[in-house]
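Below is one structure, written out as structure tokens, with a few remarks after it.
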Protein chains: 2
Amino acid sequence: MPRTVLDRDDAVRALAGVFRRRGFESGSLSVIQQETGIGRGSLYHFFPDGKADMARAVLAQVRGWFDEQVFEPLRTAGDAGEAVARMTQVVEEYFVSRDRVCLFAAMTLGEEQETFAREVRAYFADWVGVLTETLHRGGISGPDAADLAVDAVAAIQGGLIMTRALDDDAVFTGIVARTGRRLHAVLS
Amino acid sequence: MPRTVLDRDDAVRALAGVFRRRGFESGSLSVIQQETGIGRGSLYHFFPDGKADMARAVLAQVRGWFDEQVFEPLRTAGDAGEAVARMTQVVEEYFVSRDRVCLFAAMTLGEEQETFAREVRAYFADWVGVLTETLHRGGISGPDAADLAVDAVAAIQGGLIMTRALDDDAVFTGIVARTGRRLHAVLS
DNA sequence: GTCAGTCTGTACCAATTGGTTCAGATTGTA
DNA sequence: TACAATCTGAACCAATTGGTACAGACTGAC
């Protein structure tokens with residue numbers, strides 16, 4: 001069996017794929033090996049604390065992407081309308097290209113809920129928080145901004161469920177587009 | 001060990017609870033026995049085809065509840081506005097009192113996605129369908145009704161994710177209330 | 001070339017998994 | 001009471017699980 005060398009980031013990326021397609025529990029180490037080619041020795045080398053360690057690394061990587069591509073652009077945007085339009089666009093592309101699964105949302109179910117509660121809570125709280133601030137900067141005042149932000153993130157997450165259930169990407173892209181339009185309307 | 005006799009419906013109800021709290025995969029037969037008191041012999045007596053059979057029975061029971069309490073009242077309502085208000089109310093109570101988990105949504109993730117694809121698809125398609133018809137009867141025409149219906153169900157599902165992630169029922173009740181108001185506004 | 005550090009494949013392990021089996025307990029009917 | 005049908009507990013099983021250990025392969029620095 002020829003040996004394959006890889007780096008940790010690539011391992012995390014491959015793990016993310018398995019967890020999206022299979023779920024965390026059903027993504028056993030054997031399945032991970034079959035689908036990614038990464039063996040047990042390598043997995044434990046990179047993630048000495050085992051499977052939860054792997055999931056934590058995956059969540060951290062996804063979080064890093066969102067910080068860079070969603071949260072930071074919202075935070076530093078000059079124009080709220082443009083920032084929101086960009087957010088809906090990158091988020092739509094991200095999820096459509098990744099099995100229509102949000103791993104943070106998946107971790108709110110079953111036994112993972114407790115294990116990753118802090119990471120999950122931070123992700124959603126930060127997303128809603130930074131979007132609320134963006135709406136504030138765009139002239140939406142008081143509790144309205146927070147409600148709109150919560151509703152927008154909920155719509156995106158609910159859209160993912162609907163699109164998987166109905167097996168139709170157009171459901172998600174439709175929901176995201178209408179969400180974007182709703183936000184755009186109040187920013188004008 | 002004194003023997004306990006139960007009926008199938010009660011077994012299904014207990015299983016639903018385990019699957020909500022633990023997830024389907026992590027809800028092993030041992031965990032089911034510990035948390036429900038139902039032993040292996042009984043489980044296989046009622047569900048001869050094993051674990052998938054159990055999940056199928058649970059989904060059928062939940063589906064039955066939705067048919068009776070949500071879909072049928074929407075279908076037969078004289079007043080669309082009242083029907084929609086009632087729907088949001090019963091749905092909110094239902095989910096808040098059941099671990100804030102929609103089992104149909106949970107089955108859109110991981111390996112269960114394929115196993116229960118038909119049941120899941122039917123549940124969401126029917127919910128959206130009957131809500132669309134209700135909106136039609138309330139005077140909303142063309143594609144708007146279907147979009148509003150999809151968005152409403154997505155909001156409810158997304159609200160469940162947010163409320164679990166932020167561990168705060170008020171998030172869900174807020175989202176459901178605003179969703180209800182949005183629908184009510186277009187029906188007036 | 002040598003050596004230390006990094007990474008890999010694979011053998012091994014205890015525990016758990018879903019499933020099978022069936023004797024015995026329980027219930028309902030005549 | 002007798003009997004058939006229904007339900008249960010628990011022993012048993014093969015397969016799989018996550019984890020451990022480590023020899024050997026590989027890489028980079030000197």
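To find a chain, count down the sequence lines: A is the first, B the second, and so on, and within it residues start at 1.
- Ranking C:dT6, D:dT8, D:dT17 by closeness to the A:Ser28 side chain, first place goes to D:dT17.
- One can find a donor-acceptor pair under 3.5 Å joining the base of C:dG19 and the side-chain atoms of B:Arg40.
- Closest to the B:Ser30 side chain, of the nucleotides C:dC7, C:dT17, C:dG18, is C:dT17.
- A salt bridge links B:Glu119 and B:Arg56; the closest N-O separation between the charged side-chain nitrogens and carboxylate oxygens is under 4.0 Å.
- In this structure, of C:dG18, D:dT17, D:dT8, it is C:dG18 that holds the atom nearest to the side chain of B:Tyr44.
- Between the C1' atom of C:dA15 and the CG atom of B:Leu29 lies a distance of 15 Å, rounded to the nearest Å.
- Here the C1' atom of nucleotide C:dT6 and the CG atom of A:Leu43 are 16 Å apart, to the nearest Å.
- Comparing A:Met54 and B:Gly39 along DNA chain D, the residue whose closest nucleotide (by nearest heavy atom) sits nearer the 5' end is B:Gly39.
- With ring centers used as reference points, A:Phe104 lies 6.0 Å or more from A:Phe116.
- The CD atom of B:Glu111 sits 9 Å away from the P atom of D:dT17 (whole-angstrom rounding).
- Atom C1' of nucleotide C:dT17 and atom CD of B:Gln33 are separated by 14 Å, given to the nearest angstrom.
- Straight-line distance from the CD1 atom of A:Ile38 to the P atom of C:dT10: 15 Å, rounded to whole Å.
- The interatomic distance linking A:Phe47 (CZ) with C:dC7 (P) rounds to 11 Å, in whole Å.
- Rounded to whole Å, atom P of C:dT16 lies 17 Å from atom CD of B:Glu25.
- A salt bridge between A:Asp151 and B:Arg182 is present, with a side-chain N of the basic residue lying under 4.0 Å from a carboxylate O of the acidic one.
- With rounding to whole Å, B:Arg22 atom CZ is found 12 Å from C:dG18 atom P.
- Checking the phosphate oxygens (OP1, OP2) of D:dT8, no side-chain nitrogen or oxygen of B:His45 falls inside 4.0 Å.
- Formation of a donor-acceptor pair under 3.5 Å by the B:Thr108 side chain with backbone atoms of B:Gln113 is not found in this model.
- Ion pairing between a basic and an acidic side chain is recognised when a charged N comes within 4.0 Å of a carboxylate O; B:Asp167 and B:Arg100 show such pairing.
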